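Note that the structure is a prediction, hence the values are computed from the model and not measured. Atoms within each ligand, like the ligands themselves, are counted from 1 in listed order.
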Amino acid sequence: MTRIMDGNKVSQDIRGEIKEKTAQLKGKGIIPGLAVVLVGDDPASQIYVKRKENACHEVGFYSREYKIPAETHEKDLLNLIGVLNADQKIHGILVQLPLPSHINSSLIIEAIDPQKDVDGFHPVNVGRLLTGQPCQMACTPKGIMVLLERYGISLAGKEAVIVGRSNIVGKPLFLMLLAQNATVTVCHTKTKDLAEVTCRADILIAAAGKAEIVRGDMVREGAVVIDVGINRLDNGKLAGDVSFAEVSPHCAFITPVPGGVGPMTIAMLLHNTLKAAEAGLEA
Ligand code: NAP
């Protein structure tokens, strides 16, 4: 029987755990603090930022939001990052992407103190992930790893296939799965026969950003299917990268969209911020 992997439930459990740890940390005089920087007024980004703020509030974090006009100069944003790096109340800095085209995103990410890089995008954290050192890990792939763990899905020796090789999902997920001894294949738009590769997967992760490209005949019987995609259809509804109707009858586990990977991403942002605050305690 197929099991639905309930990201809402698991993320709620994790938020509960973070809330408890936050209360303990407060007893030691530390309140985890997150600064969220939003440049411009992209509606989707505004929704994401609001969700992140609400989540911070729920677990007892201190949070500060900076809403900055789209025409802000790169150097002014860099100055703000410098101020937040030095701010003792702020343990995590999140700059909501995408940034307007006149701002170099890499430059902004590299300006963030790696310890405060709760998105795990700074090259120092990416390099540490690559070399197996402790680091801040990107929230979406980390959320997928935690979801797999909480559902008791072992990875050692398994064939894992990722569709998508972005810096924020596919590539870091590749490293995380490899570190857990899975045999990992990463597909992209130049992959010759996508279905041939996906059919090999014990664990299939779809992160292509293409509505329902993973069809029923592309998934092996009994596979674990993680759907990262969030695609807005013409009728306004959300769809994942996996055809849930076709795939769910013959896989062992599957994540829904919405309610699968999405809530885990926010839970991991909270986790990373708490971790940064705890690191301050050790320093
Ligand atoms: P992205 O930067 O656009 O990368 C998409 C990747 O998928 C690229 O590597 C691309 O290959 C590959 N791809 C696209 N079409 C393909 C196809 N037909 N066959 C094989 N590979 C294909 O996207 P992203 O930022 O990683 O996001 C992917 C999806 O996840 C989006 O729907 C996004 O909204 C969603 N997402 C969800 C969360 C969450 O919290 N749930 C977080 C982040 C992203 P090339 O490299 O060859 O172009």
| message | One thing to verify: whether D87 and R64 come together as a salt bridge, which I'm taking to mean a side-chain N less than 4.0 angstrom from a carboxylate O. | response |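 Answer for the salt bridge query: yes.
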| Would you call A207 a ligand 1 contact, heavy-atom distance under 4.0 Å? |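 In this structure, A207 qualifies as a contact of ligand 1 - some heavy atom is under 4.0 Å.
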Does [X] approach ligand 1 within less than 4.0 angstrom via side chain, backbone, both or neither, non-hydrogen atoms only?
{"X": "K210", "value": "side chain"}
{"X": "N231", "value": "side chain"}
{"X": "V228", "value": "both"}

Please state which protein non-hydrogen atom is closest to [atom] and give its distance, to 0.1 Å?
{"atom": "atom 5 (C) of ligand 1", "result": "A208 O, 3.5 Å"}
{"atom": "atom 44 (C) of ligand 1", "result": "V169 CG2, 4.1 Å"}
{"atom": "atom 9 (O) of ligand 1", "result": "R165 N, 2.8 Å"}
{"atom": "atom 42 (C) of ligand 1", "result": "T140 OG1, 3.2 Å"}
{"atom": "atom 20 (C) of ligand 1", "result": "H188 O, 3.2 Å"}
{"atom": "atom 17 (C) of ligand 1", "result": "I213 CD1, 4.0 Å"}
{"atom": "atom 2 (O) of ligand 1", "result": "S166 CB, 3.4 Å"}
{"atom": "atom 39 (C) of ligand 1", "result": "T265 OG1, 3.7 Å"}

| said: I'd like to know whether V257 forms a side-chain contact (heavy atoms from CB on, under 4.5 Å) with V242, so could you lay out the CA-CA distance, the side-chain angles of the two residues, the decisive distance to 0.1 Å, and finally the verdict. | reply: CA-CA 9 Å; V257 176; V242 176; over 6 Å; no
Are any of the N/O atoms in [X] less than 3.5 Å from those in ligand 1?
{"X": "K190", "value": "no"}
{"X": "I230", "value": "yes"}
{"X": "T189", "value": "yes"}

| said: Rounded at 0.5 Å granularity, tell me how far OG1 in T2 sits from CZ in F253. | reply: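 Rounded to the nearest 0.5 Å, the OG1-CZ separation comes out at 9.5 Å.
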| Taking atom CG of D113 and atom CD1 of I81, what is their separation to the nearest 0.5 Å? |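 The CD1 atom of I81 is 11.0 Å from CG of D113, to the nearest 0.5 Å.
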| query | Does the protein put a heavy atom under 4.0 Å from atom 27 (O) of ligand 1? | reply |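 For atom 27 (O) of ligand 1 the answer is no, since every protein heavy atom stays at 4.0 Å or beyond.
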Look at the side chain of [X] and the backbone N and O of [Y], then say whether any donor-acceptor pair between them is shorter than 3.5 Å.
{"X": "D241", "Y": "I213", "value": "no"}
{"X": "T265", "Y": "C139", "value": "no"}
{"X": "H122", "Y": "E110", "value": "yes"}
{"X": "E74", "Y": "N104", "value": "yes"}

Quick one: which ligand 1 atoms are inside 4.0 Å of a heavy atom on [X]?
{"X": "I168", "answer": "25 (O)"}
{"X": "V163", "answer": "20 (C), 21 (N)"}
{"X": "G164", "answer": "6 (C), 7 (O), 9 (O), 12 (C)"}
{"X": "G262", "answer": "40 (O), 41 (N)"}

| task | Would you check if there is a donor-acceptor pair between the side chains of E278 and Q24 at a distance under 3.5 Å? | result |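 The answer is no; no qualifying pair exists.
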| query | Given M268, which of M137, K142, Q136, M145 fulfils the side chain to side chain contact (heavy atoms under 4.5 Å, CB included) condition? | reply |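 Answer after filtering M137, K142, Q136, M145: K142.
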| request: For a side chain to side chain contact (heavy atoms under 4.5 Å, CB included) with M5, tell me which candidate from I153, I144, I254 qualifies. | output: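 Between M5 and the candidates, side chain to side chain contact (heavy atoms under 4.5 Å, CB included) is satisfied uniquely by I153.
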| So, do I266 and R15 sit near enough that their side-chain heavy atoms are less than 4.5 Å apart? |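 Touching, per the 4.5 Å side-chain cut-off.
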